[in-house]
Amino acid sequence: MTLRAVIAGTGSALPKRRVTNEELAETVDTSDEWIVERTGIRARHIAGEGETTATLGAEAARRALDAAGIEPTAIDLIVLATATPDQTFPASATKIQDMLGIRDCVAFDVAAVCSGFLYAISVAESMIRAGSARTALVIGAETFSRILDWEDRTTCVLFGDGAGAVVLRGEDTEDRGILSVALHADGRHNQLLYVDGGPSTTGTVGKLRMKGQEVFRHAVVNLAAVLGEAVAKAGLEMKAIDWVVPHQANRRILDATARKLGLSPEKVIVTVDEHANTSAASVPLALDTAVRDGRIKRGDLVVLEAMGGGFTWGAAALRF
Ligand code: COA
């Protein structure tokens with residue numbers, strides 16, 4: 001028997017309010033031209049009153065369950081990737097569990113910032129293969145707008161809020177499912193992308209700080225390497241890959257990584273123009289977008305990849 005974690009359904013959710021670059025330029029010293037040229041971002045969604053990481057995550061999870069045709073009660077594991085939980089504790093995964101009406105399952109958060117969804121997929125996939133879970137909700141949900149310094153134009157224009165989710169189900173199959181995962185972290189780079197607060201240091205939530213150019217340089221090198229690693233680990237060649245679903249941080253990072261790997265740009269799913277960088281939500285949001293618009297189909301070979309604060313980075317190869 002080959003037990004594989006198969007994606008049975010995807011879903012996503014965005015806050016109601018969509019904010020264009022022009023609208024942002026009314027309050028921040030920036031311009032649509034600068035943001036589009038340097039990042040490819042045209043708009044982002046920003047959470048309003050009543051919209052939180054948990055509410056967005058629950059909405060994305062409901063849509064993934066609907067797509068999979070699975071009742072919430074069948075879920076025995078919820079892993080939420082987030083760096084912006086509703087509260088320091090309890091884990092927002094347990095809030096989502098309650099919102100979905102699930103009375104007993106394993107539920108916890110994973111914090112690996114923008115790579116969080118890859119880390120969460122890896123944990124859920126391992127638990128499924130080990131037999132300690134059967135049907136999992138893996139969610140990436142964030143409200144970065146609440147940890148941005150809106151006076152810092154070098155960071156506040158880059159991020160947005162949102163959520164994405166997948167239902168992962170254990171199946172005895174060789175044809176579909178997650179084929180490989182590669183994860184990395186290098187804590188020497190903590191100070192290049194971080195939040196200047198926390199419960200155990202300042203006792204405050206803090207704001208996001210970033211040395212953009214240095215992050216950019218590391219991103220292209222690390223992402224190209226880990227993508228190649230996941231593909232090789234799955235016993236595949238890069239030319240066999242149908243779709244790459246990258247972390248949506250910056251259009252220039254996506255283009256440079258694809259160039260480095262000799263990947264055709266048509267194979268790369270891009271949503272950064274509409275969503276900006278939604279951290280742990282960005283990969284499942286982009287995946288759900290491409291599944292719903294019919295690009296990613298059952299049987300396609302797909303690679304997910306991301307990099308974030310820490311640094312942490314990772315990739316997963318799967319047959320959808
Ligand atoms: N609007 C207008 N001008 C801006 C601006 C903004 N929002 N932000 C910065 N600038 C200015 C700078 O002040 C600087 O002006 P100066 O030359 O007069 O000093 C100029 O634009 C160039 O800034 P620079 O930082 O060199 O731009 P860049 O080409 O490196 O682009 C980023 C900046 C942040 C877009 C880019 O470094 C990046 O995308 N880095 C990766 C970030 C990332 O993806 N992080 C998340 C990873 S999970």
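Whatever order the structure lists them in is the order used to number ligands and atoms, beginning at 1. This chain uses plain numbering: 1 for the first residue, then up along the sequence.
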Discussion item. Tell me whether Glu274 is salt-bridged to Arg18, with the criterion being a basic N under 4.0 Å from an acidic carboxylate O.
Written reply: yes

Worksheet entry | Thr154 contact mode with ligand 1 (heavy-atom cut-off under 4.0 Å) | both

Discussion item. With a heavy-atom distance limit of 4.0 Å, tell me whether Val113 approaches ligand 1 through its side chain, its backbone, both, or neither.
Written reply: neither

Worksheet entry | Exam field: side chain Thr82 to backbone Thr84, donor-acceptor pair closer than 3.5 Å | yes

Worksheet item: Between Leu118 and His247, is any pair of side-chain heavy atoms under 4.5 Å apart?
Response: no

Worksheet item: What is the closest protein heavy atom to atom 45 (N) of ligand 1, and at what distance does it sit?
Response: Met210 SD, 3.2 Å

Worksheet, complete the sentence: Under 4.0 Å from one or more heavy atoms of Ala249, ligand 1 contributes atoms 44 (O)

Fill in: N/O donor-acceptor pair under 3.5 Å between Arg209 side chain and Gln191 backbone
no

Worksheet item: What's the shortest heavy-atom distance between Arg146 and Thr52, and which atoms?
Response: NH1-CA, 4.0 Å

Discussion item. Any non-hydrogen side-chain atom of Arg295 less than 4.5 Å from a side-chain atom of Ile269?
Written reply: yes

Worksheet item: Considering only the protein, which heavy-atom contact is closest to atom 35 (C) of ligand 1, and what is its distance?
Response: Thr39 CG2, 3.7 Å

Worksheet entry | Shortest protein heavy-atom distance from atom 26 (O) of ligand 1, along with the residue and atom involved | Gln213 NE2, 2.6 Å

Worksheet item: So, Ser264 versus Glu266: side-chain donor-acceptor pair below 3.5 Å or not?
Response: yes

Worksheet item: Would you call Arg4 and Asp175 a salt bridge, taking side-chain N to carboxylate O under 4.0 Å as the test?
Response: no

Discussion item. Any salt bridge linking Asp98 with Arg103? Criterion: basic side-chain nitrogen under 4.0 Å from a carboxylate oxygen.
Written reply: yes

Worksheet item: If you count the atoms of ligand 1 from 1 in the order shown, which ones are under 4.0 Å from a heavy atom of Val157?
Response: 7 (N)

Worksheet item: Between the candidates Phe311, Phe159, Phe216, Trp34, which shows the shortest non-hydrogen contact distance to atom 4 (C) of ligand 1?
Response: Trp34

Response to the item:
Checking heavy atoms under 4.0 Å, the part of Val28 that sits near ligand 1 is neither

Worksheet item: Just wondering, do His218 and Asp186 contact through their side chains at under 4.5 Å, heavy atoms?
Response: no

Discussion item. Among all the protein's heavy atoms, is there at least one whose distance to atom 32 (C) of ligand 1 comes out below 4.0 Å?
Written reply: no

Fill in: Per atom 39 (O) of ligand 1, closest listed option by heavy atom (Val215, Asn250, Thr312)
Asn250

Worksheet entry | Salt bridge Asp29-Arg153, side-chain N to carboxylate O under 4.0 Å | yes

Discussion item. Determine whether any protein heavy atom is located less than 4.0 Å from atom 17 (O) of ligand 1.
Written reply: no

Discussion item. A side-chain contact here means heavy atoms from C-beta on lying under 4.5 Å apart; do Arg17 and Glu23 qualify?
Written reply: yes

Fill in: Option set Cys114, Gly212, Cys156, Gly309, criterion heavy-atom distance to atom 37 (O) of ligand 1, minimum
Gly212

Worksheet item: Which heavy atom of the protein is the closest neighbour of atom 1 (N) of ligand 1, given with residue, atom name and distance?
Response: Thr30 OG1, 2.6 Å

Item to complete: With heavy atoms only and a cut-off of under 4.0 Å, state how Met307 meets ligand 1: side chain, backbone, both or neither.
Response: backbone

Worksheet item: Who's the nearest protein heavy-atom neighbour of atom 34 (C) of ligand 1, and how far?
Response: Leu158 CD1, 3.9 Å

Discussion item. Could you identify the single nearest non-hydrogen protein atom to atom 7 (N) of ligand 1 and state the distance to 0.1 Å?
Written reply: Arg153 O, 2.9 Å

Response to the item:
Atoms of ligand 1 under 4.0 Å from any heavy atom of Ile253, numbered from 1 in the order shown, are 44 (O)

Worksheet, complete the sentence: For atom 46 (C) of ligand 1, the closest protein heavy atom turns out to be Asn277 ND2, 3.5 Å

Worksheet, complete the sentence: Closest to atom 28 (P) of ligand 1 among protein heavy atoms sits Arg38 NH1, 3.6 Å

